[in-house]
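In what follows, every chain begins at residue 1, and chains take the letters A, B, ... in the order their sequences are listed. A quick note: this is a predicted structure, and the numbers were derived from the prediction, not measured.
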Number of protein chains: 2
Amino acid sequence: MGVRNVITIKDVAKDAGVSVGTVSKVLNNIYVTVANKEKVEQSIKGLGYQVNTYARGLKAQRTNTVAIIVPDLISPFFALLVNYVEQALSEMNYKLLICNSYCKKEKEIAYINMAKQNKVDGLICVTYSNSDEYLRDDLPIVSIDRHFKPKVCCVASDNYRGGKIAAEKLIETGCKNIVFIRNGSNINGETLKRGKGFIDACEKAGIDYCTKEFGEETTLEKGGETEHKVCCFLEQCMKNGKFLYDGIFTSSDSLGQIIIEKLKKMGLNIPMDVQIIGYDGLRALNVGAYQLSSIKQPVKDMAVTSVNHLMKLINKEPVDELTILPVSFVDGGTTR
Amino acid sequence: MGVRNVITIKDVAKDAGVSVGTVSKVLNNIYVTVANKEKVEQSIKGLGYQVNTYARGLKAQRTNTVAIIVPDLISPFFALLVNYVEQALSEMNYKLLICNSYCKKEKEIAYINMAKQNKVDGLICVTYSNSDEYLRDDLPIVSIDRHFKPKVCCVASDNYRGGKIAAEKLIETGCKNIVFIRNGSNINGETLKRGKGFIDACEKAGIDYCTKEFGEETTLEKGGETEHKVCCFLEQCMKNGKFLYDGIFTSSDSLGQIIIEKLKKMGLNIPMDVQIIGYDGLRALNVGAYQLSSIKQPVKDMAVTSVNHLMKLINKEPVDELTILPVSFVDGGTTR
DNA sequence: CTGAAAGCGCTTACAG
DNA sequence: CTGAAAGCGCTTACAG
């Protein structure tokens, strides 16, 4: 496809008066004489040479590229996660390929295969399908929120504690009958612990509670199926002009937002009639106040930790199998 | 770095009993006999072969990878844009490298250089620095919202119309003294037309108006410098308990959000005392109602158009130099 | 139509 | 320490 006339390692070798092997060595920080090193570096600068990552990757089996699989970038939490992952990788001279799976198993597998074919050095993933069998032991991979088969490194927020804090907060502010509403995958992941923490706290306090589960659809969309189901459920919870619950904990801020808008439309006052706590801790447009009261995930810390772990795996160093990062309650005006 | 034992084109050639050239041909949809094609396809399936993009790229000067440069993924607008760009590219079997520039010129240039070195087939960029000189005529590139030097393909929303609609809406709902508040780059871009449209509409209506400009900081951050400056400005606009303006148009929803929160803290009622219209048309957490009244950009259409244009450029087909996509007003409760 | 061979830009043993 | 050479997995003229 046309000569693009790129400066190659040959050009700098000729310019510096050394062999390509020597140039390669200074490129890779392998010892050469100071004189040669200087000559080469000068030529590199003079010619504006940049190594061709793909040629290097072809031979060296490494591309300095990492892929991240997330459901989408519509959910602000994933967008923030990817943002900070890119930032951390960029500092280590790694590039980031973004793969939106839309929670489709085929897409997740396709991206995992890409990684297996040495197209990327490693993989960070937030997946919700059962694609364990497609992994391979020698593939550097860090999973967020989800347990793959044993030995796959996993990073998550303290979901159990988050659920517990949410329930405790609702109880402590006077709720008598609370509900945990969730949607998303049922795959063996850390996020399921949000419900466990919630239930344990309710049991301990001896309060009335229940849980309600919605579909696998993880990309909540305006006007989507899950929104519709959730709204129907909320309407059913209205008996004789009274809402069944005085406190709601949701599996994400997005789901919480949908619920808040529906309850308001139904004429309920938040937080006086019903209190709501979400999960994620997102700010309005990411710059304003907290959109709703929530359990805040340490998203930047999760991103940095994932990248650090992945780098260790790529370098064949040992890493902790599971890293749990602390969460905190944030007040967004939907609790009393 | 260790044998990863990947299936190569040689393996399928041997398995199918043909030469690697023949395999390559079926891979690239070049005609071979039906019998051979079938044999090869069977071997590919049987062995689970996938082409190595980098080896292919090395020879063919094409990597099926595109890079996108955006300031960050914290701004929901950019996150959505990247989301839809990835979606469109994925359908054409292209991969997407995400490059956050944080509006730093060095980073923008580094990413442009990467593209020039054939690491990617093309570039989609949302940049705000003056990096024209680093482009090259044979580099497929689509710019969003910004004019590079002549002949660089640009896609944008109808910024002029957006500004005009905003002013007209404010005037029509009774405002007597309105202001356009913006932040971000002053580089020759389409977004500057938001102010022009606003001003023209004000002039035409003969209404009092003014404009206020803040720093180059494009990544608005909670607690950041721009937020501070904006808040100081708003306080100064409060004279004897009365706010100077009854209508505000902002250069983005994010900036609008910051202003709304500050005005509320100052005890003003929105939209009764002051009406606000932003730009972007973002929904609460992307799933809820519009966060504020706004000029909605056709973000998905912008993404798809950019990808289509880029594909044409990669294939050396002609494209329109400038594509303007329509905007619309959306009511988010901050207007009357 | 098909195969053999050269070559894309690197890295890496291997001699020297 | 350095250079010559092989080879990473492909594609692409070139003969046949």
### Task
Rounded off to whole Å, could you give me the CG-to-C1' distance for the A/Asn29 and C/dT11 pair?
15 Å
### Task
Check side chain to side chain contact (heavy atoms under 4.5 Å, CB included) between A/Ala303 and all other residues, then give those that pass, not counting sequence neighbours.
A/Leu81, A/Tyr84, A/Val85
## Note on the structure
Between CZ of A/Arg56 and P of D/dC10 the distance, given in whole Å, is 21 Å
### Task
Using whole Å, report how far OH of A/Tyr54 lies from P of C/dT11.
15 Å
### Query
Tell me: NZ of A/Lys14 to P of C/dC10, nearest whole Å?
14 Å
#### Entry: side chain to side chain contact (heavy atoms under 4.5 Å, CB included) involving A/Thr22 - partner list, sequence neighbours excluded
A/Val18, A/Ser19, A/Val32, A/Asn36
### Query
Is A/Ser24 reaching over with its side chain to a backbone N or O of A/Val20, donor-acceptor style, under 3.5 angstrom?
no
### Message
Using the side-chain hydrogen bond (donor to acceptor under 3.5 Å, both in side chains) criterion, which residues pair with B/Asn64? Sequence neighbours excluded.
### Response
B/Arg62
### Message
Under the rule for side-chain hydrogen bond (donor to acceptor under 3.5 Å, both in side chains), what residues qualify as partners of A/Gln87, not counting sequence neighbours?
### Response
B/Tyr102
### Message
Which residues pass the side chain to side chain contact (heavy atoms under 4.5 Å, CB included) test with A/Ile187, not counting sequence neighbours?
### Response
A/Asn130, A/Arg146, A/Ser185
### Query
Who pairs with A/Lys37 by side-chain hydrogen bond (donor to acceptor under 3.5 Å, both in side chains), at least two apart in sequence or on another chain?
none
### Query
Any side-chain N or O of A/Thr33 under 4.0 Å from OP1/OP2 of D/dT2?
yes
### Summary
Heavy-atom contacts, protein to nucleotides 3-8 of chain D, under 4.0 Å, summarised as B (base), S (sugar-phosphate only) or - (none) per nt, yield B---BB
### Task
Could you tell me which residues satisfy side-chain hydrogen bond (donor to acceptor under 3.5 Å, both in side chains) with A/Gln297, sequence neighbours excluded, listed by chain and number?
A/Ser157, A/Asp280
### Close residues, residues 39-49 of chain B, relative to DNA chain D [heavy-atom separation under 4.0 Å]
B/Tyr49
### Under the side chain to side chain contact (heavy atoms under 4.5 Å, CB included) test, residues paired with B/Glu321 that sit two or more places apart
B/Lys151
### Flag, side chain of A/Thr65 to backbone of A/Thr63, donor-acceptor distance under 3.5 Å
yes
### Query
DNA chain D: stems of at least 3 consecutive Watson-Crick or G-U pairs, cut-off 3.5 Å?
C:1-3 with D:14-16, C:5-12 with D:5-12, C:14-16 with D:1-3
Tell me which donor-acceptor pairs under 3.5 Å the side chains of residues 305-313 of chain A have, and how far apart each pair is, sequence neighbours excluded?
unit_1, atom_1, unit_2, atom_2, d
A/Thr305, OG1, A/Asp301, O, 2.7
A/Thr305, OG1, A/Asp301, OD1, 3.4
A/Ser306, OG, A/Met302, O, 2.7
A/Asn308, ND2, A/Val304, O, 3.4
A/His309, NE2, A/Thr323, OG1, 2.9

### Message
Using whole Å, what does the distance between atom P of nucleotide C/dT11 and atom OH of A/Tyr31 come to?
### Response
20 Å
### Task
Calculate the interatomic distance between A/Asn28 atom CG and C/dC10 atom P; express it in whole Å.
11 Å
### Task
Would you mind telling me which residue lines up with the more 5' stretch of DNA chain D, B/Ile9 or A/Val32, judged by nearest nucleotide?
A/Val32
### Query
Expressed in angstrom and rounded to an integer, what is the separation of A/Asn64 atom CG from C/dT11 atom C1'?
14 Å
### Message
Distance check needed: C/dC10 P versus A/Gln50 CD, whole Å only.
### Response
11 Å
